[in-house]
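Notes follow the structure.
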There are 2 protein chains.
Amino acid sequence: MKMTVKEVANLTGVSVRTLHYYHREGILIPCEVTENKYRYYDATNLEQLQNILFLRELDFSIQEIKGILADPNYDEMDSFKKQRHLLQLKRNRLDKLIALLDQKLQGEETMNFKPFDMKEIEENQRKYQKETQERWGNTDAYHQSEQKTKGYTPENWAAIHNETEAIYASFVANMDKDTADPIVQDLVVQWQNNITKHYYNCTNEILAGLGLMYVHDDRFKENIDEHATGLAQFMSDAIGIYTAK
Amino acid sequence: MKMTVKEVANLTGVSVRTLHYYHREGILIPCEVTENKYRYYDATNLEQLQNILFLRELDFSIQEIKGILADPNYDEMDSFKKQRHLLQLKRNRLDKLIALLDQKLQGEETMNFKPFDMKEIEENQRKYQKETQERWGNTDAYHQSEQKTKGYTPENWAAIHNETEAIYASFVANMDKDTADPIVQDLVVQWQNNITKHYYNCTNEILAGLGLMYVHDDRFKENIDEHATGLAQFMSDAIGIYTAK
DNA sequence: ATAAACTATTACCTAAGGTGAGTGTCAAGG
DNA sequence: CCTTGACACTCACCTTAGGTAATAGTTTAT
């Protein structure tokens, strides 16, 4: 069920250009990019796109959307609830504007500007964002990551992806060894460097935190275990030993 | 009841920069601009601003808003009715999005993109615009005017205003003469040239149409008669004689 | 084999203001 | 009369979320 850009565009109503843009911005990365740079999208991509459209509807900027969706503790249902609330606020605002218009249709000379006000909505948007940022725990890391990833091109993303996958592969290839084995410990260092290089300064403390998340956060765990069952636990253990020193 | 930019900004929630911008774009011209370029707004300006905010809410561009508000046959009540309809469409759309979100909250895996669709709303916006453009009668003139006035700066507007007022004053000064008097007829020519120079190619046919509007369209009539009671009729008659030749 | 219909990248363009620098103006209090 | 803080002005550059070519490679169907 791979879909081309055009097919996605037709199905969803977003333009091809927008898909290109979302790719470059790193908020919707096609499941497959062939050698000749053709983009192909799958069902997961479509779901992500739907999420993006919801957030866009709520007037979040693309950068903000990136932050929300990249949140390691992102809770879809919780997010939907907040989105619902924001949509309701917007509807209330429209209701007030319609009411004001009705007054004017009655011939009332009303000089009212409150219905145009966006303060309440903006306040809730900020609240939403603040919560996700707090969940990132380390705001410094979050901001660094935001800054760094801002300018990444699709080529950059592809390179990062390859590099990351290579380290994953090495981990898988050494899963029979002890987690304290120097080879495995070196992979942990590579992993840490990879994060620092591409996202944010990954200190030992943060690395320790990540190690714990890899087993306790299902989103992370599932992702990692796709490379090999048990990999998440293995990496987490290896990181634990490394950071304990 | 003159208000400064800041006061208007505080009252309406619109930024000072936006007021500057609306001035330069010619969609909200302060009732008074002092020698040192300070802007002062009155109640009429506020009403106009409210209209602008309504139209902005409906996603009309500033240029489109200019076209709508400059429509010589602009009917406020009719406009409100259409605005109401558009706002309702927007609300319906929000309702659908909320419903979709509710489905997702129920855990349904729905891959629906229709609620994001803007086609219906855009279609109605086009309909709205088309109607006002048609009322301009001469679409060529409308477009010329749109193009020309696009680049006008506040200084341009002030100059045009002065020039126009000067002709009005001359008309007033000669209201005791016959409308066929060469002096009056020359003012008609100046009037025609003024329009051609600043707005669009004002042919004799169009001028004749304007002459009729000056007495039949209350918006025009009131505006003109502010300079002197009976001026609208006087100008209309003079134009009638000129274009009859 | 060729045309139609895709795909890609690059690069420039837009709307509706935001932001900041530098400067002029006004009202109030000392 | 002077100063000071709040306000006013313009100028000029910046931003977002893509739109719109132009140019060129690819796929697919005939």
Closest to the side chain of A/I62, out of D/dG18, C/dG17, C/dA16, is D/dG18
If you find the nucleotide of DNA chain C closest to B/N36 and the one closest to B/F60, which residue's nucleotide is nearer the 5' end?
B/F60
OP1 or OP2 of C/dG17 under 4.0 Å from side-chain N/O of B/S15
no
Closest approach to the side chain of B/Y21, judged atom by atom: which nucleotide of D/dC9, D/dA17, C/dA16 is it?
C/dA16
Which sits closer to the 5' end of DNA chain D, A/S61 or B/K37, going by the nucleotide each is nearest to?
B/K37
Plane angle bin for A/Y168 and A/H227 - parallel if under 30°, tilted between 30 and 60°, otherwise perpendicular:
parallel
Taking the six-membered ring of A/F80, is NZ or CZ of B/K104 closer than 6.0 Å to its centre and within 45° of its axis?
no
Testing the 3.5 Å rule here: is there a donor-acceptor pair between the side chains of B/Y74 and B/T132?
no
Sidechain-backbone polar pair: B/N124 side chain, B/L86 backbone, donor-acceptor under 3.5 Å:
no
Does the plane of the ring in A/W191 sit parallel, tilted or perpendicular to the ring in A/F171? Use 30° and 60° as the thresholds.
perpendicular
Would you say the base of C/dG24 and the side-chain of B/Y38 have a donor-acceptor pair closer than 3.5 Å?
yes
Rounding to a whole Å, what distance do you find between A/E35:CD and C/dT9:P?
14 Å
When rounded to whole Å, the CG to C1' distance for the pair A/D59 and D/dT16 reads 13 Å
Classify A/Y22 by what it touches in the nucleic acid, base, sugar-phosphate, or nothing, heavy-atom distance under 4.0 Å.
sugar-phosphate
Nearest-Å distance for atom pair CE/C1', residues B/M118 and D/dA17
14 Å
Whole angstrom value for the distance that separates P of D/dC7 from OH of B/Y40
13 Å
So, OP1 or OP2 of C/dA8: does either fall under 4.0 Å of a side-chain N or O from A/R39?
yes
Calculate the interatomic distance between A/N10 atom CG and C/dA5 atom P; express it in whole Å.
14 Å
May I have the distance from A/R56 (atom CZ) to D/dT16 (atom P), rounded to whole angstrom?
16 Å
Do the side-chain N and O atoms of A/Q83 and A/S79 include a donor-acceptor pair separated by under 3.5 angstrom?
yes
So what does B/V16 hit on the nucleic acid, given a heavy-atom distance under 4.0 Å: a base, only sugar-phosphate, or nothing?
nothing
Reckon A/H20 has a side-chain N or O less than 4.0 Å from the OP1 or OP2 of C/dA8?
yes
Tell me every residue that passes ring-ring contact (aromatic ring centres under 6.0 Å, His included) with B/Y40, counting only those two or more places apart in sequence or in another chain.
none
With respect to the side chain of B/K6, which nucleotide from C/dT7, D/dC9, D/dC7 is positioned closest?
D/dC7
Atom-pair distance (CD on A/E7; C1' on D/dT27), nearest Å:
13 Å
Roughly, in whole Å, what's the span from CD1 in B/I52 to C1' in C/dG17?
14 Å
Below 3.5 Å is the cut-off: list the nitrogen or oxygen pairs between protein and nucleotides 11-15 of chain D, distance only.
none

Below 4.0 Å: OP1/OP2 of C/dA16 and any side-chain N or O of B/T18:
no
Among residues two or more places apart or on two chains, list those pairs meeting salt bridge (charged side-chain N to carboxylate O under 4.0 Å, His left out) that have a residue in residues 52-63 of chain A.
A/E57-B/R93, A/D59-A/K90
